[in-house]
Q: 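Structure below; questions to follow.
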Amino acid sequence: MAKGLTPQSEDFSAWYNEIVQQAELASHSPVRGCMVIRPYGYRIWELMQSALDDMFKATGHQNAYFPLFLPKSALDREAEHVEGFAPETAIVTHAGRAKLEEPLVVRPTSEAIIWPILSDWIHSYRDLPVLLNQWANVVRWEMRTRPFLRTTEFLWQEGHTAHATTEEAEEETRRMLGVYRTFMEDWMAMPVITGLKTDSERFAGALRTYACEGLMKDNKALQAGTSHHLGQNFARAFDVRYQTEDGEHVYVWSTSWGVSTRLVGGLIMTHGDDDGLILPPKLAPHEVVIVPIWRNDDQRATVLEAGERARSALNEAGVRVHVDDREGLNPGSKYYDWERRGVPLRLEIGPRDVESDSVMAVRRFTPEGADRKVSHPMAGLGAWIRETLDSVQDELLEGARRRRDDATVRGVEDYAEFQELMHGSGGFAYTGWCGESDCEQKVKDDTKSTIRVIPDEEFQSPESPPRCLCGAPSIGEVVRAKAY
RNA sequence: CGGGGAGUAGCUCAGUCCGGCAGAGCACUGGCUUUGGGAGCCAGGGGCCGCGGGUUCAAAUCCCGCCUCCCCGACCA
């Protein structure tokens with residue numbers, strides 16, 4: 001068991017890599033850019049999946065599964081789509097020793113397999129809307145990879161929907177963006193800015209792309225989820241038409257939206273500190289770990305018995321709890337161990353606690369002014385712990401929001417000031433924009449920062465700068481940052 | 001895909017320059033003693049030295065090719 005982590009302030013990337021390894025979230029595989037998601041990391045993903053899946057069901061979606069392989073000709077159907085994805089696709093050319101008649105593309109996303117099939121399912125306005133989701137793996141052969149944040153193969157969900165009108169499709173696109181935002185805030189305790197992507201950052205084949213952008217602890221932005229209004233682009237490419245009440249044949253309007261295992265990386269970099277991972281209770285494999293403390297066999301028996309009572313009280317209160325009764329490790333080692341793994345709350349139960357029929361509760365994350373360590377009677381433990389975990393969940397979001405806001409500068413107009421900001425502390429900078437992609441590109445070349453989003457109304461500043469960084473009149477406010 | 005660094009036990013690394021028995025700390029197994037913030041002693045187990053080829057009596061060490069990881073750029077969720 002290794003001891004210290006590299007401090008975030010010294011080398012954030014090293015800190016990130018070490019935490020992934022030491023908290024046993026993932027490890028490398030023999031194939032470039034691919035990772036093994038270890039049980040502890042996978043459990044976090046499962047908790048994410050379960051919350052999201054419930055939300056998708058609650059908004060009327062059904063799960064389905066479409067194949068891993070796309071005929072290459074299908075990917076080629078939508079011009080912009082193929083242009084965007086061709087450079088990063090893996091292609092299967094052989095089956096055993098025999099060369100395939102037509103190469104197969106391993107899906108980088110599933111539009112090209114879903115739409116040909118939906119064109120058979122959709123005939124009438126009565127068939128609409130179609131609201132589908134699938135949980136799947138996809139492959140994108142990226143140049144540079146990092147565990148969770150960008151891997152060659154990753155796990156995600158992709159929603160695919162078909163609608164009769166552009167208004168309905170737009171509404172769906174926005175609805176799912178809102179679902180993502182709710183999930184990120186209420187489950188991950190990760191505040192995000194939502195908004196529209198510029199054309200240069202738009203999904204290949206989409207009319208419009210919306211995104212949720214979080215700000216990590218190193219002040220770089222993370223695109224955490226995207227929702228696309230695909231217009232009729234895929235309907236045209238794959239001839240997906242329905243008959244209206246008037247008997248006309250018209251193309252459907254479609255959407256797609258997705259989040260991936262990248263979220264786990266976002267979770268790590270939103271809350272983690274120099275002692276390790278910090279998990280919000282709602283996504284923690286163990287919300288509570290009980291560490292029994294004893295000096296002799298008599299104490300061992302009574303302490304473990306008390307631990308068992310605490311465990312079953314918490315179970316009944318719906319808390320995910322684990323008793324660390326490993327022999328031969330002293331309590332201090334166990335504390336460090338679970339702190340590194342981000343467990344929100346630790347209960348220490350020793351002879352003194354048994355004596356007073358109480359437990360010692362220690363928080364992993366303590367906001368200013370709160371007590372890190374508190375003794376609580378065994379009576380009423382379940383309800384108190386549930387309450388404490390709920391407030392930890394809220395405090396994490398609050399803390400992350402304050403950090404994000406502290407790293408946000410609004411009303412930046414002066415280009416020199418902006419460059420200084422991006423080369424220095426980083427963070428979100430709200431500026432004007434002239435709307436020109438040449439200007440967007442120049443700022444990117446100069447500063448490595450990009451326009452993250454054209455923010456939704458509630459994230460906009462009271463007053464938007466009248467001028468773009470280039471000096472030209474601004475057509476609206478944008479949020480810029482360096483990004484993952 | 002370019003530039004730089006690295007790959008030796010599960011982890012962190014020494015050994016490589018100058019070829020000659022495969023090493024340390026932590027982790028792991030067994031025993032005893034410990035246990036309220038990273039325990040101690042004793043005894044053990046664990047290696048295709050990234051992979052393949054070459055040079056040599058002899059290769060972790062020298063040469064060639066490839067793979068993987070990390071950092072920096074161009075591409076992206």
Side-chain angles (χ1 to χ4, degrees), chain A residues 1-6 11-14 16-18 20-22 24 27-35 38 83-89 108-109 138-158 180 197 200-204 209 211-214 221-228 256-266 275-276 291-297 299-300 303 324-340 346-355 359-360 362 372-373 375 441 444-445 448 450 483-484:
Chain A
M1 203 180 305
K3 287 196 177 168
L5 287 167
T6 300
D11 184 342
F12 196 83
S13 295
Y16 180 85
N17 291 329
E18 288 167 19
V20 166
Q21 191 212 319
Q22 291 192 22
E24 298 182 348
S27 55
H28 293 295
S29 81
V31 177
R32 176 191 167 75
C34 294
M35 72 174 168
R38 302 179 65 173
E83 170 103 9
F85 282 107
E88 56 192 49
T89 54
T109 176
V138 289
V139 167
R140 296 182 187 176
W141 220 270
E142 303 286 356
M143 299 296 176
R144 223 179 130 189
T145 60
R146 305 197 61 191
F148 293 108
L149 298 173
R150 181 171 300 105
T151 47
T152 302
E153 177 194 14
F154 56 94
L155 306 183
W156 78 343
Q157 59 68 219
E158 44 182 325
Y180 288 156
K197 285 286 181 182
S200 70
E201 302 260 328
R202 190 166 37 82
F203 176 75
T209 289
C212 297
E213 295 278 334
L222 182 77
Q223 179 172 305
T226 48
S227 186
H228 316 288
S256 72
W257 28 274
V259 295
S260 72
T261 36
R262 167 177 264 201
L263 291 178
V264 177
D275 295 326
V291 178
I293 301 158
W294 64 79
R295 284 177 194 280
N296 55 50
D297 283 352
Q299 290 181 347
R300 180 175 180 275
V303 155
D324 187 353
D325 58 0
R326 285 178 290 178
E327 305 275 350
L329 273 184
N330 65 23
S333 303
K334 295 179 181 178
Y335 301 166
Y336 282 105
D337 198 15
W338 295 113
E339 279 167 10
R340 195 175 320 112
R346 169 175 83 234
L347 295 189
E348 304 173 7
I349 303 183
R352 295 205 294 267
D353 307 295
V354 172
E355 186 67 31
V359 300
M360 188 63 78
V362 185
R372 193 174 86 97
K373 206 162 169 172
S375 182
Q441 184 61 40
K444 185 176 176 181
D445 293 343
K448 313 290 176 215
T450 48
Y484 277 97

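Heavy atoms only: backbone and side chains are in, while hydrogens, waters and symmetry mates are out. Naming: A, B, ... by sequence-line order, numbering from 1 per chain.
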Q: Atom CG of A/Asp445 to atom C1' of B/A74: distance rounded to whole Å?
A: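 Distance, rounded to whole Å: 11 Å.
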
Q: Select base, sugar-phosphate, or nothing to describe what A/Gly225 touches, counting heavy atoms under 4.0 Å on all strands.
A: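 Answer is nothing: A/Gly225 stays at 4.0 Å or more from every strand.
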
Q: Mind checking whether A/Pro147 and A/Gln21 have side chains closer than 4.5 Å, heavy atoms only?
A: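 Of all side-chain heavy-atom pairs linking A/Gln21 with A/Pro147, none is under 4.5 Å.
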
Q: Between protein and nucleic acid, restricted to nucleotides 5-9 of chain B and to nitrogen or oxygen atoms under 3.5 Å apart, what atom pairs and distances do you find?
A:
none

Q: Hey, is the side chain of A/Asp337 pairing donor to acceptor with the base of B/G38 inside 3.5 Å?
A: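 Such a pair does not exist between side chain and base.
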
Q: Can you tell me the Watson-Crick or wobble partner of B/C17, both distances under 3.5 angstrom?
A: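 Base-paired to nothing in any strand shown.
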
Q: Nucleotides 1-3 of chain B: which of its N/O atoms have a protein N/O under 3.5 Å away?
A:
none

Q: Does A/Arg140 have any side chain to side chain donor-acceptor pair (under 3.5 Å) partners at least two apart in sequence or in another chain, and if so, which?
A: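 If we apply the side chain to side chain donor-acceptor pair (under 3.5 Å) test to A/Arg140, skipping adjacent residues, there are no hits.
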
Q: At 4.0 Å (heavy atoms only), tell me whether A/Pro351 reaches a base, stays on the sugar-phosphate, or touches nothing.
A: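 A/Pro351: base contact, heavy atoms under 4.0 Å.
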
Q: Going by centres under 5.5 angstrom and planes under 30 degrees, do the aromatic ring of A/Tyr335 and the base ring of B/G37 stack?
A: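 Here the ring of A/Tyr335 and the base of B/G37 are not stacked, as the 5.5 Å and 30° limits are not both satisfied.
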
Q: Sort out the partner of B/C69 for me: Watson-Crick or G-U wobble, both distances under 3.5 Å, none otherwise.
A: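 Looking at the geometry, B/C69 pairs with B/G5.
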
Q: Do any side-chain nitrogens or oxygens of A/Lys373 fall under 4.0 Å of OP1 or OP2 in B/G36?
A: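 No, no such contact exists.
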
Q: Test of understanding: with side chain to side chain donor-acceptor pair (under 3.5 Å), list the residues that count as partners of A/Glu339, not counting sequence neighbours.
A: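 A/Glu339 satisfies side chain to side chain donor-acceptor pair (under 3.5 Å) with A/Arg346 only.
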
Q: Can you tell me the Watson-Crick or wobble partner of B/G37, both distances under 3.5 angstrom?
A: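 Partner of B/G37: none.
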
Q: How are the rings of A/Tyr180 and A/Trp257 set to each other: parallel, tilted or perpendicular (split at 30° and 60°)?
A: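 A/Tyr180 vs A/Trp257 ring planes: perpendicular.
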
Q: Given B/G37, B/U35, B/C76, identify the nucleotide with an atom nearest to the side chain of A/Arg150.
A: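 Minimum distance to the A/Arg150 side chain belongs to B/C76.
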
Q: Check whether any side-chain nitrogen or oxygen of A/Gln21 sits under 4.0 Å from OP1 or OP2 of B/U12, and answer yes or no.
A: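 Answer yes for this pair, as a side-chain N or O of A/Gln21 is under 4.0 Å from OP1 or OP2.
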
Q: Just call it for A/Leu222: base, sugar-phosphate, or nothing, with non-hydrogen atoms closer than 4.0 Å on any strand.
A: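 If one applies the 4.0 Å heavy-atom cut-off, A/Leu222 turns out to touch nothing in the nucleic acid.
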
Q: Please tell me which of the listed nucleotides, B/C71, B/U35, B/G37, lies nearest to the side chain of A/Val362?
A: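 Of B/C71, B/U35, B/G37, B/G37 is nearest to the side chain of A/Val362.
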
Q: Can you find a donor-acceptor N/O pair under 3.5 angstrom joining the side chain of A/Arg38 to the base of B/G10?
A: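 Checked by distance alone, the answer is no.
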
Q: Using only modelled atom types and a 3.5 angstrom limit, is any donor from either the side chain of A/Glu339 or the base of B/G37 paired with an acceptor on the other?
A: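 Present.
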
Q: Counting only side-chain heavy atoms from C-beta out, which of B/G36, B/C70, B/C75 sits nearest to A/Pro147?
A: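 When the side chain of A/Pro147 is considered, B/C70 is the closest of B/G36, B/C70, B/C75.
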
Q: Counting C-beta onward and ignoring hydrogens, is there a side-chain heavy-atom pair between A/Thr109 and A/Glu158 closer than 4.5 Å?
A: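 Contact flag for A/Thr109/A/Glu158 side chains = yes.
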
Q: Partner of B/C62 by Watson-Crick or G-U wobble geometry, both contacts under 3.5 Å, or none?
A: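 Matched B/C62 with B/G54 under the 3.5 Å cut-off.
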
Q: Side chain of A/Arg372, heavy atoms from C-beta onward: which of B/C71, B/G36, B/G37 has the nearest atom to it?
A: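 For A/Arg372, the side-chain atoms sit closest to B/G37.
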
Q: Within the structure shown, what part of the strands sits under 4.0 Å from A/Gly266 by heavy-atom distance: base, sugar-phosphate, or nothing?
A: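 The residue A/Gly266 makes no contact with any strand.
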
Q: Do the charged groups of A/Glu213 and A/Lys197 touch, with an N to O distance under 4.0 Å?
A: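 Answer for the salt bridge query: yes.
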
Q: Return the nucleotide paired to B/U29: Watson-Crick means purine N1 to pyrimidine N3 with N6-O4 or O6-N4, wobble means G-U with N1-O2 and O6-N3, both under 3.5 Å.
A: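 Paired with B/A43.
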
Q: Does a nitrogen or oxygen in the side chain of A/Ser333 sit under 4.0 Å from OP1 or OP2 of B/G37?
A: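 No.
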
Q: Is A/Gln223 touching bases, backbone alone, or none of the nucleic acid, heavy atoms closer than 4.0 Å?
A: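 Sugar-phosphate: the residue A/Gln223, judged by heavy atoms under 4.0 Å, touches backbone atoms but no base.
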
Q: Just to be sure I understand the rule, does A/Thr226 reach a base, reach only the sugar-phosphate, or reach nothing, if contact means heavy atoms closer than 4.0 Å?
A: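 Touches nothing.
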
Q: Does A/Glu327 have any salt bridge (charged side-chain N to carboxylate O under 4.0 Å, His left out) partners at least two apart in sequence or in another chain, and if so, which?
A: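 A/Arg300.
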
Q: Taking side chain to side chain donor-acceptor pair (under 3.5 Å) as the definition, give me every residue that meets it alongside A/Gln441, ordered by chain and number, with sequence neighbours left out.
A: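 Only A/Asp445 meet the side chain to side chain donor-acceptor pair (under 3.5 Å) criterion with A/Gln441.
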
